[in-house]
Amino acid sequence: MEELELKGLNEKIYVYKTKCGLPIYMWVNEKVSSMYAALSVKYGSVHTKFKIGKKIYEVPDGLAHFLEHIKFNIDEDTTAHDKFYSLGGDANAFTTFDYTSYIVFATSNKKENMEQLLDFVYNPYFTKKSVAKEKGIIVEEANMGLDDAYSIVFFHTLANTLQKSKYRYTITGTPEDVNSISLDDVKLVYDAFYHPNNMFLTITGNFNPYEMASIVENNLAKKDFKEYLNPVVIKENEPRKVTTKYKEEYINLTYPRIKFSCKMDIGRFKNYSKLELKILTNLIFNINFGATSDFKDELMEKGLIQNMSISNDLYDDAFVIQISATTNFKEEVIKRVKEKLKNLVVSEIDFKRKKNATIATLILDFEDLENVSYRIQDDVLNNGGVVTNLKEILENETVEDLRNLISLYDLDNMQISVFLPKENQKE
């Protein structure tokens, strides 16, 4: 058992790797009575094309999400929810672009709930009947997404920005994608990716980490895992340019919304780790466009916007910074945002204030079991393991670091997506 000290946070992460290859990351909080466990597989919606040995496979979009749903079937008449309910546990799951996570929250019978989590995820019960039944449920979910304004704005903006990347597509897939999924597809992906060597377990809350590691080890020792197939995901090379510079469409929303997407190749930032790039960019754009920025205050006071938000994400080798605004004055807001992007500024006072707020948020995250679990998951997936010096990284950043990063941005490679209320569309 390895004990990782999180520098400056007075927190500790216990790390244990089982004999079959499953890493366990544990954070103990004796102030609570509950336990939150998440068994995650490094397989998400974008992993539809992969190579095993010399053979290339391609499965339909939406398969990761489909597998998440069908995985809850233990046999023809029983679901994992039935089992967890009898143990007083609350089970759930979610699929992202990059991974799928199976969760249980429990305040009692923690050992039994943990064993049940391992048992149902590693129970490959799939039949033609269960696949056919699940299709109807997920097609309905996919159809709902076609009418959901948030989903449309998010994914259509990505499609307008990314030309080839699988991140352009919805996590559920289209109804046509779902209907094309076969039993063989499900078995192929499960056998290739759902192996302890491609998975990890996070446990947060009140429990004994040594006892819990022993419970997991003993449970997995009773299971017969085949040799890991070591699938290699095949990714598309994303062109530097955006798909289209400007696009308008009418959808079912109340107020017009604009999304600005600045797309850059990650190679521009070779002297920055991915973690540093995201942290520093978040600080820069919070200072210039965030909730307490002078720019946002000015637009709000003049009635030009109802709200504004920012984000930045990595889509393989494409680094995308987004600004979102709700407004009835699209031309003026587009003009103002473009001008602001050409004049990003970072004062020493604003920098210190935002940096201190970020550190405070990091500390507060350790008040919540789920937040800690998500933070560990993010570290494992994006940084290869727990980042133990995040607070130290934040404390050591300087205003010059931010100004140097601004000089590397290519904010002219921008995509603007405008979403207008359907009721305003002319016949």
Side-chain angles (χ1 to χ4, degrees), residues 45-46 96-98 148-171 238-249 251 253 255-266 268-269 272 274-293 295-296 299-300 304-327 330 333-344 346 354 358 378 382 402 405-406 408-420:
S45 67
V46 300
T96 71
F97 288 126
D98 303 299
D148 179 71
Y150 174 84
S151 179
I152 292 170
V153 169
F154 182 81
F155 286 103
H156 286 208
T157 300
L158 283 183
N160 294 337
T161 306
L162 304 170
Q163 292 191 43
K164 294 185 176 181
S165 173
K166 279 289 182 178
Y167 289 94
R168 303 168 74 244
Y169 304 114
T170 61
I171 290 170
E238 177 61 28
R240 190 181 71 83
K241 295 293 185 181
V242 295
T243 308
T244 177
K245 287 282 189 181
Y246 183 89
K247 188 171 184 179
E248 287 187 5
E249 61 181 299
I251 65 172
L253 45 68
Y255 298 104
R257 193 172 303 171
I258 304 174
K259 296 258 309 192
F260 303 82
S261 300
C262 299
K263 176 185 173 186
M264 292 161 275
D265 188 279
I266 190 67
R268 299 178 68 88
F269 312 102
Y272 295 84
K274 292 179 180 179
L275 179 62
E276 288 175 318
L277 177 60
K278 287 180 66 68
I279 288 172
L280 293 180
T281 298
N282 195 51
L283 286 171
I284 290 166
F285 278 78
N286 258 311
I287 290 167
N288 285 275
F289 295 92
T292 60
S293 66
F295 181 70
K296 181 180 178 181
L299 296 188
M300 293 283 286
L304 289 174
I305 62 170
Q306 282 78 47
N307 61 53
M308 178 174 280
S309 61
I310 56 169
S311 66
N312 73 81
D313 284 291
L314 276 164
Y315 301 103
D316 291 331
D317 290 334
F319 182 54
V320 179
I321 302 171
Q322 291 189 325
I323 303 164
S324 179
T326 302
T327 177
K330 64 177 183 179
V333 170
I334 289 172
K335 176 187 172 185
R336 296 287 190 98
V337 169
K338 283 184 172 181
E339 290 173 350
K340 183 62 180 171
L341 284 170
K342 291 179 180 178
N343 296 281
L344 296 176
V346 177
K354 288 296 183 183
T358 303
D378 188 67
N382 298 310
L402 272 67
L405 182 57
I406 289 173
L408 297 176
Y409 288 148
D410 175 17
L411 302 178
D412 290 329
N413 190 32
M414 184 197 302
Q415 198 287 318
I416 301 174
S417 295
V418 180
F419 300 91
L420 303 165

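FYI, side chains are in, hydrogens and waters are out, and symmetry mates aren't considered; it's all heavy atoms of this structure.
In this structure the side chain of Lys274 reaches within 4.5 angstrom of the side chain of Leu314, judged on heavy atoms. Using a 4.5 Å cut-off on side-chain heavy atoms (C-beta onward), Leu277 and Ile266 make contact. With a 4.5 Å cut-off on side-chain heavy atoms, Asn382 and Lys278 do not count as touching. Residues Arg168 and Thr161 have side chains not in contact (no heavy-atom distance under 4.5 Å, counting atoms from C-beta outward). Residues Leu341 and Tyr409 are not in side-chain contact: their nearest non-hydrogen atoms beyond the backbone lie 4.5 Å or more apart. The shortest side-chain heavy-atom distance between Asn288 and Ser293 does not fall under the 4.5 Å cut-off. With a 4.5 Å cut-off on side-chain heavy atoms, Gln415 and Thr243 do not count as touching. Within the 4.5 Å cutoff, side-chain heavy atoms of Asp98 are placed close to those of Tyr167.
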Verdict with reasoning, Ile251 to His156, per side chain to side chain contact (heavy atoms under 4.5 Å, CB included): CA-CA 11 Å; Ile251 65 172; His156 286 208; 5.6 Å; no

Take Met308 and Phe295 through the side chain to side chain contact (heavy atoms under 4.5 Å, CB included) test and state the conclusion after the steps. CA-CA 10 Å; Met308 178 174 280; Phe295 181 70; 4.1 Å; yes

Please walk me through it: do Leu299 and Thr327 pass side chain to side chain contact (heavy atoms under 4.5 Å, CB included)? CA-CA 10 Å; Leu299 296 188; Thr327 177; over 6 Å; no

Test side chain to side chain contact (heavy atoms under 4.5 Å, CB included) on Phe260 and Thr157; report intermediate values, then the result. CA-CA 9 Å; Phe260 303 82; Thr157 300; over 6 Å; no

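Each of Val46, Asp316, Asp313 was compared with Phe97 under the side-chain contact (heavy atoms from CB on, under 4.5 Å) criterion, and only Val46 meets it. Checking Ile321, Ile279, Leu280 one by one against Asn312, the side-chain contact (heavy atoms from CB on, under 4.5 Å) holds for a single residue, Ile321. The side-chain contact (heavy atoms from CB on, under 4.5 Å) test with Lys354 singles out one residue from Val346, Asn282, Thr292, Ile284, and that residue is Thr292.
Counting non-hydrogen atoms of neighbouring residues, nucleotides and ligands closer than 6.0 angstrom, the NZ atom of Lys338 reaches no more than 12 such neighbours. The environment of NZ in Lys247 is sparse: at most 12 heavy-atom neighbours from other residues, nucleotides or ligands sit within 6.0 Å.
In terms of modelled atom types and a separation under 3.5 Å, the side chain of Lys241 and the main chain of Asn413 share no donor-acceptor contact. Of the possible donor and acceptor atoms, none in the side chain of Ser324 sits under 3.5 Å from a partner among the backbone N and O of Lys259. No donor-acceptor distance shorter than 3.5 angstrom exists from the side chain of Lys166 to the backbone of Ser45, with no hydrogens or angles considered. At distances below 3.5 Å, not a single donor-acceptor pair connects side-chain atoms of Gln163 with backbone N or O atoms of Glu238.
Shortest non-hydrogen contact noted between Tyr272 and Leu405 is OH-N, 3.7 Å. Across every non-hydrogen atom of Lys263 and Pro239, the tightest pair is NZ-O, 2.8 Å. Minimum heavy-atom separation, Phe155 to Ile171: CZ-N, 3.9 Å. Here the shortest heavy-atom pairing between Tyr255 and Leu253 reads O-CD1, 3.0 Å.
In this structure, Ile416 CD1 and Glu248 CD are separated by 10.5 Å, a value rounded to the nearest 0.5 Å. In this structure, CD1 on Ile323 lies 7.0 Å from CE on Met414, to the nearest 0.5 angstrom. Rounding to the nearest 0.5 Å places CZ of Arg240 at 7.5 Å from CZ of Arg268. Here Thr358 contributes atom OG1 and Leu283 contributes atom CG; the two are 4.5 Å apart, rounded to the nearest 0.5 Å. Going from atom NZ of Lys330 over to atom OG1 of Thr326 covers 15.0 Å, rounded to the nearest 0.5 Å. Interatomic distance, OG of Ser165 versus CG of Asp317, reported as 9.5 Å (0.5 Å rounding).
A donor atom on one side chain and an acceptor atom on the other are found under 3.5 Å apart for Ser417 and Asn160. A donor and an acceptor atom, one from each side chain of Ser261 and Gln322, are located under 3.5 Å apart.
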